[in-house]
Student: 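My structure is below; once you've seen it, I'll send some questions.
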Number of protein chains: 2
Amino acid sequence: MRKEKIPAATIIRLSVYQRYLKRLLANGVKVVSSSELAYEASVNPAQLRKDLSYFGRFGVRGVGYDVASLLNTISGILGLLDEWRVVLVGAGPIGQALLRHPQFSRQGYVFEAVFDFDENHIGKQLEGGHTVRAIEDLPKVIKERGIQLAVLAVPSERAQEIADVLVESGIKGILNFCTTRIRVPRGVSVQYVDFTILLDTLTYKISQNNTGNKEPVSSAKPKWAREHSWPVVQSNIQRQGVSLTS
Amino acid sequence: MRKEKIPAATIIRLSVYQRYLKRLLANGVKVVSSSELAYEASVNPAQLRKDLSYFGRFGVRGVGYDVASLLNTISGILGLLDEWRVVLVGAGPIGQALLRHPQFSRQGYVFEAVFDFDENHIGKQLEGGHTVRAIEDLPKVIKERGIQLAVLAVPSERAQEIADVLVESGIKGILNFCTTRIRVPRGVSVQYVDFTILLDTLTYKISQNNTGNKEPVSSAKPKWAREHSWPVVQSNIQRQGVSLTS
DNA sequence: TTTCAAAAGTGATTTTTATAACAATTTGAA
DNA sequence: TTCAAATTGTTATAAAAATCACTTTTGAAA
């Protein structure tokens, strides 16, 4: 079960499972079955078991998974047992909104420093106690503190230029809110957050439906839904990626 | 070439192609080859040609694609030739940042109204001339103006509840910034924007690299990169989805 | 004209991913 | 003890998607 190539979609699903496991744990649930957890995450239970099987055997047959222990296992796989420090580049509306987004700290991400190249922003105090610093300080801060993650929220025209600086300084992962594909060397990963692409896929679907060009819908209830008699809302995570990684 | 099932990833790539075509057009480029455009979008040129072939034949052999015409074609496929009106639910930091995000209007999306259930927000004037309205007004506004798209940026606990209202009111597509999977009936689509999931995939990769558990890297230059002698930075869009649609 | 290089379109093939199906294990009740 | 129900782990199968490799078309230079 080792050594096999692990689908990118599996990692994304692990993150979703992790989130629901946290909620179960908070609710005092001790044990969960693949069917239950898969239902929460809107995936096929066989998929969930398969996803886990890439990494080992964590359940008890006939019983299910221990919530606390599976949560810990998945967090470990994702590398989330420790805190991750992140630099934010770009203190515009999106950047500032992210600083205040509770989900980041809840998941163990800590914004260490904020940078911008706009003279008007530099030196400004932001909510949360961050002071906007000049891009020139980036390499120093990243190297000194050994930071590996960056959130990139600058105007798209400057995305590549900043990405180069980040990579040069030792950043290993970039969460990119810009609308340009950036190029990074092997060993550095990029994930894109691209709202309008997603909206475009929605408009595509709506347009299809409106023109009567309906998707061939398999109206039958999928077999796995019958494992339990839950209402079917097939909103699978399959193929969700947004990978764009390199 | 019609009637075939169209991969979700194809639609996402169309959106990426569209964006680069816009830039080419703005730069006065008249004609582009599949290799050039594919390089910009970081995909395999055969992939691009195949993506287009689902919808028709738009190029000229030996020549390439007319930029203006292909842009128009793709925009039409995606349903982007008209303006789309959107309601925003949730006037928190993320929601407000989105209102100010230029990419939306550039792509033809117009925020028609903003809603929140927080008494402290309701009635507040936001930059851009929007006044925050109470959730109670949602159904009326959506129905009266025939709005089909919604951006959902409320606290996750309330996501499903609001989604139900949106669906009930006639919304056909939801861009969901909440961290809960929402359930919607067939005919309604959902796209998830989930920052921390993406960060988690970055930490996974970084952790892998750090533990020496490297991905099996195919060090050879992919064949398609040899079509032109460009430097290879394999950051494919393949499998990017974030679909989670229903 | 003829020839050649460029480049689209597409069927065939390969790769990747998801699903199904079932044997193995566990628990608890008869 | 034995049996039945629950539920995992995993192999086999199917589905989906990406890539290749080849054919066709075009335009331009010789």
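Below, chains carry the letters A, B, ... as their sequence lines are ordered, and counting in each starts from 1. Side chains included, hydrogens not; waters and symmetry mates left out as well; all remaining heavy atoms used.
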Student: A46(A) side chain: which of dC20(D), dC22(C), dA20(C) is closest?
Tutor: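 Between dC20(D), dC22(C), dA20(C), the one nearest the side chain of A46(A) would be dA20(C).
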Student: Under the salt bridge (Lys or Arg N to Asp or Glu O under 4.0 Å) test, which residues partner R85(A), sequence neighbours left out?
Tutor: none
Student: Round to the nearest Å and state the distance from Y65(B) atom OH to dT26(D) atom C1'.
Tutor: 14 Å
Student: Expressed as a whole number of angstroms, how long is the span from D51(A):CG to dG9(D):P?
Tutor: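 About 12 Å, once rounded to whole Å.
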Student: Let me know the distance between CD1 of I6(A) and P of dT16(C), rounded to the nearest Å.
Tutor: 14 Å
Student: For P45(B) and A38(B), which heavy atoms make the closest approach, and how far apart are they?
Tutor: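 Shortest heavy-atom contact: CA-CB, 3.6 Å.
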Student: Quick one: which of dC20(D), dT17(C), dT10(D) gets closest to the side chain of P7(A)?
Tutor: dT17(C)
Student: Within less than 4.0 Å of OP1 or OP2 of dT10(D), is there a side-chain N or O belonging to S53(A)?
Tutor: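 For dT10(D), OP1/OP2 do not have a side-chain N/O of S53(A) under 4.0 Å.
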Student: Please give, in whole Å, the distance from dA17(D) C1' to R49(B) CZ?
Tutor: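 So the two atoms are 16 Å apart, to the nearest Å.
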Student: Between the side chains of Y109(B) and D200(A), does any donor sit under 3.5 Å from an acceptor?
Tutor: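 Yes.
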Student: Taking the six-membered ring of Y39(A) (Phe, Tyr or Trp), confirm whether the NZ or CZ of R183(B) is under 6.0 Å from its centre and within 45° of its axis.
Tutor: yes
Student: Is a side-chain donor or acceptor of Q103(B) paired with a backbone partner of T196(A) at a separation under 3.5 angstrom?
Tutor: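 The answer is no, because no donor-acceptor pair under 3.5 Å joins these two groups.
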Student: Quick check on DNA chain D: between K50(B) and K50(A), whose nearest nucleotide comes earlier from the 5' end?
Tutor: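 Mapping each residue to its closest nucleotide by heavy atoms, the 5'-most match is K50(A).
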Student: Sugar-phosphate atoms are those with a prime plus P, OP1 and OP2; base atoms are the rest. Using that split, label each nucleotide of nucleotides 25-30 of chain C B, S or - for protein heavy atoms under 4.0 Å, 5' to 3'.
Tutor: BBS---
Student: Counting heavy atoms from C-beta on, name the nucleotide in dG9(D), dA8(C), dT19(D) closest to the side chain of N44(B).
Tutor: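 For the N44(B) side chain, the nearest candidate turns out to be dT19(D).
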Student: One pair to check against side-chain contact (heavy atoms from CB on, under 4.5 Å): I171(A) and Q148(A). What are the steps and the verdict?
Tutor: CA-CA 4 Å; I171(A) 287 290; Q148(A) 303 189 83; 5.6 Å; no
Student: So, F177(B) versus F195(A), ring centres under 6.0 angstrom or not?
Tutor: yes
Student: Could you give the CG-to-P distance, from L52(B) to dA7(C), as a whole number of Å?
Tutor: 16 Å
Student: Roughly how many Å is it from CZ in F58(B) to P in dT10(C), rounded to a whole number?
Tutor: 10 Å
Student: Out of the candidates V31(A), L52(A), L24(A), only one should pair with Y65(A) under the side-chain contact (heavy atoms from CB on, under 4.5 Å) rule; please name it.
Tutor: L52(A)
Student: Check whether any side-chain N or O of K5(B) sits under 4.0 Å from OP1 or OP2 of dA15(D), and answer yes or no.
Tutor: no
Student: Just the rounded figure in Å: distance from C1' of dT14(C) to CD of Q47(B).
Tutor: 14 Å
Student: Rounded to whole Å, please give me the gap between CD1 in I12(A) and P in dT16(C).
Tutor: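 My rounded result for the distance is 17 Å.
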Student: Look at the side chain of T201(B) and the backbone N and O of I12(A), then say whether any donor-acceptor pair between them is shorter than 3.5 Å.
Tutor: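 It does not hold such a pair.
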Student: Stem list for DNA chain D, please, built from Watson-Crick and G-U wobble pairs under 3.5 Å and keeping only runs of at least 3.
Tutor: C:1-30 with D:1-30
